[in-house]
Amino acid sequence: MPTRRRKKSRDRPHTPKRLTPEQESAQRKAAFVAIRALFCQVTEPWHSCQRGYCRRHHCCIGEAGPGACLGRHWPLLTRAAQEAAHIEVINGGPRRVRPQTHTEWSLRSFPPSNFVHG
């Protein structure tokens, strides 16, 4: 009995395994934004923010984008609180959010000094 030849499906187009430098930098920027948002959820910097909007809405939204309050709030935390926040971010924050990409997964384990300075 003759064997049937397997043809490539047209449903799944050929995609390259490597990203272009533009795609890689865009993915990295998106990962930094997501990690900063996780740090904001964990440390709650709006408690010490001077802007009433942040305190009122319990979120970090400023003229410099998410993470602006985090840069001012981070030095006020103790070293133990900073390390606990970093471990919490590695685990996905309070809601255990999974990383969207492998880049974000790998960047979560980097030191917090890369993310907290908006």
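- Of all heavy-atom pairs between Gln82 and Pro75, the closest is NE2-CA, 4.4 Å.
- Checked against salt bridge (Lys or Arg N to Asp or Glu O under 4.0 Å), Glu44 has no partners two or more places apart in sequence or in another chain.
- When all heavy atoms are compared, the tightest approach of Thr43 to Ala85 is CG2-CB, 3.7 Å.
- Heavy-atom contacts from other residues, nucleotides or ligands closer than 6.0 Å to CD of Gln100 number 12 or fewer.
- For the pair Glu24 and Arg28, the salt-bridge criterion is not met [side-chain N within less than 4.0 Å of a carboxylate O].
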Give the table of side-chain donor-acceptor pairs shorter than 3.5 Å for residues 88-98, with sequence neighbours excluded, one pair per line with atom names and distance.
unit_1	atom_1	unit_2	atom_2	d
Glu88	OE2	Arg96	NH1	3.1
Asn91	ND2	Ile87	O	3.3
Arg96	NH1	Gly93	O	3.0

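- The hydrophobic cluster containing Leu19 does not contain Trp105, counting ILVMFWY residues as joined when their side-chain heavy atoms lie under 4.5 angstrom apart, directly or transitively.
- For the pair His73/Cys49, no side-chain contact is recorded, criterion being any heavy-atom separation below 4.5 Å from C-beta on.
- Gln27 and Thr101 share no side-chain donor-acceptor pair at under 3.5 Å.
- Linking Ile, Leu, Val, Met, Phe, Trp and Tyr whenever their side-chain heavy atoms come within less than 4.5 Å puts Val42 and Ile35 in one cluster.
- Ala31 and Leu107 get closest at one heavy-atom pair: CB-CD1, 3.9 Å.
- Screening residues 20-40 for ring pair (Phe, Tyr, Trp, His ring centres under 6.0 Å) gives Phe32-Phe115, Phe39-Trp74 as the qualifying pairs, with residues at least two apart or on separate chains.
- Nearest heavy atom pair, residue Arg108 against residue Leu38, reads NH2-CD1, 3.4 Å.
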